[in-house]
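Within every chain, numbering begins at 1; the chains are lettered A, B, ... in the order of the sequence lines, protein sequences first and strands thereafter.
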Amino acid sequence: MAERCAVIGVGQTHHKAKRDDVSIAGLVREAAKMALADADLTWSDIDAVVIGKAPDMFEGNMMPEIYLAPALGAVGKPMLRVHTAGSVGGSTALVAAHLVSSGIHKRVLTVAYEKQSDSDAMWALSVPQPFSAPLLAGAGGYFAPHIRAYMRRSGAPDHIGRMVAVKDRRNAMRNPYAHLHLADIDLKMVEDSMMLWDPLRYLEACPSSDGAAAMVLAAEDAVSGHYPPAWIHGAAMRSEPTMFAGRDQINPQAGRDCSADVYRQAGVTNPREQFDCAEVYVPFSWYEPMWLENLGFAELGDGWKLTESGATAFDGDIPWNASGGVLSSNPIGASGMLRFLEVAMQVRGQAGEHQVDGAKLALGQAYGGGSQFFAMWVVGSEKP
Amino acid sequence: MSAAGRTVRPVSIASFAQAPSVRREDERNEAEALHPVIAEVFGNIGITKDDVDFICSGSTDYLIGGPFSFVMALDAIGVWPPRAESHVEMDGAWALYEAWVLLQEGEVDAALVYSFGRSSLGDLNEILTLQLDPYYEAPLWPDIVSLSALQARALIDSGKATEADFAAVASRSRRDALSNPNAQVRKDVSVEELLRDEYAVAPLRRHALPPITDGAAAIVLAAGDKAEQWSERPVWITGFDHRMETHALGARDLTVSPSTAKAAEVAGVAAGKVDIAEIHAPFAHQELILTEALGLDGSVVINPSGGPLAANPLMSAGLIRIGEAASRIAAGQADRAVAHATSGPCLQQNLVCVLEGA
């Protein structure tokens, strides 16, 4: 049987458009040192390091675990590098968790990052490949038609996306680490922003951020730190192919299967009732209502109604992305790990101004590729 | 519960397949080259993708020169309905490690691991420079052959080896490759002849360099009843560990491999007699460093497949070492074997896997 595993330390950088003050090594080390301090540990207490990031071409540094090993105290230790597209931050945390739950290691440091200012993600995502349709317009161009299809399918009114954009940016005002702090954000400001990829406007899209996230995961007999542990109640990954006839990219089967697996492990039958909050990968506003349905928080076609009712707002009954989410900070490789980290902060009671009162059980979700790679975990304040 | 490196739940290498290693795969893209390998690795033991619970792959975007090369490679499997699947931007040997970890938990019993890469698409020697520190080293473009030559020079200067020793490794590797239909460089050539080769970068002559290879490989891991059902003579992983060294070449003694020695210690290499070793030493002199670090004496048969000097498909060469070693145990030619994989300049990161027949 698997060993119990808990998050005992978290750390993240201040996410910004340009972190000119640090190298890539300095960026990841900043988050890692914070996680170690939170766990009340030092580098020598760590048994192994698991690092993740999105495509190496984003910074032009091939297999960067090679370069980052000494900065992360990995010399003399096992070190793994995970890459599963946009879900990578979540997958990286899951690989680290398995190193503990398998009984192989006691304390594992996991780190994810992106230094987008060192690169041009739009370019890196648009390199033409033989015999493949080029994206040419980055991720937004790929997802916009799927959003339009969701609107048609569900009958959702136009303003839902703008509501999500405003809600998540208002939440970010409570999160000192968030990249965007748009104090004056409102529906009008979103509506007046430039159209990027119909129906997505500028303020309905995630920013490009430099940033890193880190966590220390530990076995039950190695728990330490300044806050209570966040116990992992369930962990799962699912993948499906990018393209084939009949594939539902609006409500992907891999996402439904992944949540079913993680809910089964955690004993969750009614996610909206049982979870106190969720951090879900919403890089473009409309992915909130889409994932509300995919993750079973709302019936098919009703996700937008949940958003419209205010249920997912900070003071709603099921706050989504109280941290401000991907819409407020997007260091791509770290964005998934930030979702996993933020829910750990919530159930540990360390989320400060964006703490959801009494949060005990929470869902972290990340997705990537053409809505085809999913990573999720459920964390709780009680032992599983 | 297990401790670092030592297996508690027995996991076996149930099947292994590899694409023939070639200088340039022009006809097929990654998914097309991988497809027959996947078909073979399942076909060997009469199973389908429905019989494995987890899939993990290893590859690098920098070979294809575009993001997400692993995404389209999934089409070689056809992950529908959706599967539990993961990917490391590392040699497939580390993908195998990730899958082995999951199997240790006892919740799943079988995994498919694969890796692929076409080294021929770009200038590999330049591409690997991008693994260096992006601020202080990579802009100077020290290429990987030159860095390896520095290591070889340090080894000669230490008095541990000569150029003739490097040639002996290459001569034996290419001769052994004659019996490996999947190898790329296969010929019977003497040490004396090899020592007449030109230098690529002194003191490394051309024969001390690995060939540039396109290739792919796959392994099925099995635990529990499936391990016994799928193999007449299961090949068990009895120790598995990997370790990292610092990136700063000037801070390392390049004539030794402490990370390999540590991984070998944790994996328990010395716990029994080793019959064969498959060592991922892309440059001839590195085999000498690694043999010493693994604690192998002259009785151990090194790289009977021909090793990476006969075929070095980047991202698969490590996984192939494990598959080749397992195949020899499965065939009854060995009882206990060590397989090794490396990553990074001058053997910066090393993985050791100990395999035993039932």
Practice task
Return the option, out of A:S91, A:A25, A:G76, A:A74, with the maximum number of heavy-atom pairs under 4.5 Å with chain B.
Solution key: A:G76

Problem - Structural part of A:V82 lying under 4.5 Å from a heavy atom of chain B - result: both

Problem - Contact summary for A:L99 and B:V101, nearest pair of heavy atoms - result: CD2-CG2, 3.7 Å

Practice task
Verify the distance criterion only: is there a donor paired with an acceptor across the side chains of B:E85 and A:S239 at less than 3.5 Å?
Solution key: yes

Practice task
With a 4.5 angstrom heavy-atom cut-off, could you sort out which part of B:S259 is near chain A: side chain, backbone, both or neither?
Solution key: neither

Problem - Structural part of B:L103 lying under 4.5 Å from a heavy atom of chain A - result: neither

Completion exercise
A:M63 and B:M90 have their tightest heavy-atom pair at CE-CA, 4.1 Å

Completion exercise
d(A:M57 CE, B:I64 CD1) to nearest 0.5 Å is 10.0 Å

Exercise for the section: Side-chain contact test, heavy atoms from C-beta onward, threshold under 4.5 Å: evaluate it for B:R243 versus A:P78 and give yes or no. Expected result: yes

Completion exercise
When rounded to the nearest 0.5 Å, the distance separating NE2 of A:H83 from CG of B:D61 is 4.5 Å

Exercise for the section: Could you tell me which portion of B:Q131 (side chain, backbone, both or neither) has an atom closer than 4.5 angstrom to a non-hydrogen atom of chain A? Expected result: both

Handout entry: Exceeds 12 heavy-atom contacts within 6.0 angstrom, atom NZ of B:K49
Key = yes

Exercise for the section: Can you tell which part of B:A138 gets under 4.5 Å to a heavy atom of chain A, answering side chain, backbone, both or neither? Expected result: neither

Practice task
Quick one: which of A:R247, A:R256, A:M237, A:E65 has the most heavy-atom pairs under 4.5 Å with chain B, could you say?
Solution key: A:M237

Exercise for the section: Supply the atom-to-atom distance A:I104 CD1 to B:W100 CH2, rounded to the nearest 0.5 angstrom. Expected result: 4.0 Å

Handout entry: Heavy-atom contact with chain B under 4.5 Å, split by part of A:F374
Key = neither

Exercise for the section: Would you name the heavy atoms of A:A69 and B:M244 that are closest together and state the gap between them? Expected result: CB-CG, 3.3 Å

Handout entry: NZ on A:K77 to NE2 on B:H242, rounded to 0.5 Å
Key = 13.0 Å

Fill in the blank from the handout: Of the listed A:I24, A:T242, A:D47, A:D257, the one with the largest count of heavy-atom pairs under 4.5 Å with chain B is A:I24

Practice task
Identify which one of B:Q104, B:E107, B:E105 satisfies the side chain to side chain donor-acceptor pair (under 3.5 Å) criterion when paired with A:S101.
Solution key: B:E105

Problem - Residue among B:L351, B:V71, B:D75, B:L74 with most heavy-atom pairs under 4.5 Å to chain A - result: B:V71

Handout entry: Closest non-hydrogen atom pair, A:D56 against B:Y62
Key = CB-CE1, 3.6 Å

Handout entry: Whether B:Q349 side chain and A:M79 backbone form a donor-acceptor pair below 3.5 Å
Key = yes

Handout entry: Structural part of A:D261 lying under 4.5 Å from a heavy atom of chain B
Key = neither

Exercise for the section: Please round to the nearest 0.5 Å and tell me the distance separating atom OH of B:Y136 and atom OH of A:Y67. Expected result: 8.5 Å

Handout entry: From CG (B:L130) to CD1 (A:I66), nearest 0.5 Å
Key = 12.5 Å

Exercise for the section: Would you indicate whether the side-chain heavy atoms of A:M243 and B:M72 approach each other to under 4.5 Å? Expected result: yes

Problem - Interface residue of largest heavy-atom contact number with chain B, from A:A375, A:C258, A:A236, A:P70, under 4.5 Å - result: A:P70

Completion exercise
Scanning both residues in full, the closest heavy-atom pair of B:F70 with A:A85 reads CZ-N, 3.4 Å

Practice task
Check whether B:E89 gets within reach of chain A through its side chain, its backbone, both or neither, counting any heavy atom under 4.5 Å.
Solution key: both

Practice task
Sort out for me which of A:K53, A:E240, A:Q372, A:E59 touches chain B most, counting heavy-atom pairs under 4.5 Å.
Solution key: A:E240

